[in-house]
Amino acid sequence: MQIYIINLYINSLFLLIVLKPLIIKNIQTEILRWFRAEKRDFLWRGQKDAYKIWLSEIILQQTRVAQGMPYYLKFISAFPDVEALAKASEQEVLKLWQGLGYYSRARNLHTAAKDIVENYNASFPEEFEELKKLKGVGNYTAAAIASISYNKPVAVLDGNVYRVLSRLYEDEIPINENGAEKHYSILANSLLDKKNPGDFNEAMMELGAMICTPQNPKCEECPINRFCKAKENNLTEILPIKLKKLKVRTRYLHYLFIHDAKNLILKKREAGDIWQGLYDFPLEENEGGKVKIFQSLDLDLTTLKKNNLKKITHKLTHQTLEISFYKIELKSIREQIKGDYIFVPFTKLKDYPLPKPIENFLKDFAVL
DNA sequence: TAGACGTGGTC
DNA sequence: TGACCAAGTCT
């Protein structure tokens, strides 16, 4: 009996000290080998300029490469370095970001650029903790910059890595559960190739994006399929587990396209709502009745519906927007409109960052 | 800390 | 077609 227990102990010790590191080493080797042979050729790859890595990482947050690529090119061209970006106005940055969504990324990008120029002598900090102090740089982006640009051994944890880890280890802890980040971060860091952290991090993400996809993963082509518990137990379709708790509310927006011969009215959107810092039309948000924002004009939405130009549905992550546009032509808008509105010549519209529905509306009417 | 924050692609 | 997702972060 004693011998049996001792054997068991030795076996598990062997597993822990010898076998596990060996398996991890194998996985690292296979992932890196695959990555170096199969990786897509992006402009920001193969160089370590922290500015470019940072910019690409911010743009690619919650965004597909195909969607972000043109924006990366525009930004690099307009702002070749962090000083150029810092010198720009927030409106210029938002204008360039127009259409990409999650506009806080653009505002934070600009804030961080100014911070780096003013407080870091225009060069990026190298340490994970220091990078995280930059506005808009969280755990993921700090790890990406630190590992790719400065070879620091910190594992990135993005949607791809969560998925790869959950499947590889058949881990059923929901990836958006409280405490999940810490849990998966430990797994990611234990798997990280500390000698090639940048390449390995990119390799994990590339694997998740190209092979270990959310639907129809290409397990037969996966370089680590022989280590994958989810594949072995046919669980790739249900892993990773994600709790769903998204509530979508519906809002009814009535936009007044008020103009005279040469100008139209815009308003800068403020904090605490969608599209902060972008410009839209005078907005009445209710179900109907009198237009309250311009009582002097004595407008009624029911009457205005005769001039209803367009009605659309625009879906955001958390809101469904039922949008109506009304056209109101006035002789001289300056005298009749009071409040926090600006009068913009049609010729200057190109300088103003606009939410997608506003941009589309103006395009439809050949104003843009 | 759970919820807010855009847009476009996919099945 | 609606639900889910895509290199997350902030408050």
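In what follows, chains carry the letters A, B, and so on, assigned in the order in which the sequence lines appear, proteins first and then strands, with residues in each chain numbered from 1. As the structure is a computational prediction, the values presented were derived from the model and not from experiment.
The pair A:Glu92-A:Lys95 does not meet the salt-bridge criterion, since no charged nitrogen lies less than 4.0 angstrom from a carboxylate oxygen. Look at A:Lys267 and A:Asp280 and you find no salt bridge, because none of the NZ, NE, NH1 or NH2 atoms lies under 4.0 Å from a carboxylate O. Under the 4.0 Å criterion applied to side-chain N and carboxylate O atoms, A:Glu83 and A:Lys87 are not assigned as salt-bridge partners. Ion pairing between A:Glu90 and A:Arg107 fails under the 4.0 Å rule for side-chain N and carboxylate O. Salt-bridge check for A:Arg45 with A:Glu206: passed, with a basic side-chain N closer than 4.0 Å to an acidic carboxylate O. Using a cutoff of 4.0 Å between basic side-chain nitrogens and carboxylate oxygens, A:Arg251 and A:Asp273 are scored as salt-bridged. A salt bridge between A:Glu232 and A:Lys229 is absent, with no side-chain N of the basic residue lying under 4.0 Å from a carboxylate O of the acidic one.
A:Gly99 comes within 4.0 angstrom of sugar-phosphate atoms only, judged by non-hydrogen atoms across all strands, and of no base. Residue contacts shown for A:Gln276 are absent, as no nucleic acid heavy atom lies under 4.0 Å away. Base engagement by A:Lys315 is indicated by at least one non-hydrogen atom pair under 4.0 Å involving a base atom. Heavy atoms of A:Leu316 sit under 4.0 angstrom from at least one base atom.
The separation between A:Glu270 atom CD and B:dC5 atom C1' is 17 Å, rounded to whole Å. Atom-to-atom, CG of A:Asp273 to C1' of B:dA4 comes out at 10 Å; the value is rounded to the nearest Å. The distance from atom OH of A:Tyr71 to atom P of B:dG8 is 7 Å, rounded to the nearest whole Å.
Applying a 4.0 Å cut-off to non-hydrogen atoms, the residues of residues 27-65 of chain A that approach DNA chain B are A:Gln62, A:Thr63, A:Arg64, listed by residue number. Listed by residue number, the members of residues 153-189 of chain A with any heavy atom below 4.0 angstrom from DNA chain C are A:Asp158, A:Gly159, A:Asn160, A:Arg163.
Place A:Gln67 and A:Asn139 on DNA chain C by their nearest nucleotides, and A:Gln67 ends up nearer the 5' end. In terms of position along DNA chain B, the nucleotide closest to A:Lys247 lies nearer the 5' end than the nucleotide closest to the other residue of the pair A:Lys247 and A:Tyr103. Judged by closest nucleotide on DNA chain B, A:Gly272 is the one of A:Gly272 and A:Asn216 placed further toward the 5' end.
For A:His318, no side-chain nitrogen or oxygen approaches OP1 or OP2 of B:dG3 to under 4.0 Å. In terms of phosphate contacts, A:Trp275 brings no side-chain nitrogen or oxygen within less than 4.0 Å of OP1 or OP2 of B:dA4. A:His314 has a side-chain polar atom (N or O) that falls below the 4.0 Å cut-off from OP1 or OP2 of B:dT7. OP1 and OP2 of B:dA4 both lie 4.0 Å or more from every side-chain N or O belonging to A:Gln319. Considering only side-chain N and O atoms, A:Lys244 lies under 4.0 angstrom from the phosphate OP1 or OP2 of C:dC4.
Between the A:Asp81 side chain and the A:Ala84 main chain, a donor and an acceptor come within less than 3.5 Å of each other.
Distance noted for atom C1' between B:dT1 and C:dT11: 9 Å (whole Å). Only the P atoms considered, B:dG3 is 23 Å distant from C:dA7, to the nearest whole Å. Spacing between C:dC4 and B:dA4 at atom P, rounded to whole Å, works out to 16 Å.
A:Trp97 and A:Tyr71 have tilted rings, their planes meeting at an angle from 30° to 60° on a 0 to 90° scale. Ring geometry, A:Phe124 versus A:Tyr51: the interplanar angle falls from 30° to 60°, so the pair is classed tilted.
Applying the 3.5 Å distance criterion, the base of B:dG6 shares a donor-acceptor pair with the side chain of A:Tyr102. Taking only distance into account, the side chain of A:Thr141 never meets the base of C:dG8 through a donor-acceptor pair shorter than 3.5 Å.
Evaluation of the ring-ring contact (aromatic ring centres under 6.0 Å, His included) rule for A:Tyr169 yields no partner, not counting sequence neighbours.
With distances taken from any side-chain atom of A:Gln215 to the nucleotides B:dG6, C:dC5, C:dA7, the minimum falls on C:dC5. Distance from the side chain of A:Glu206 is smallest for C:dA7 among the nucleotides C:dT9, C:dA7, B:dG8.
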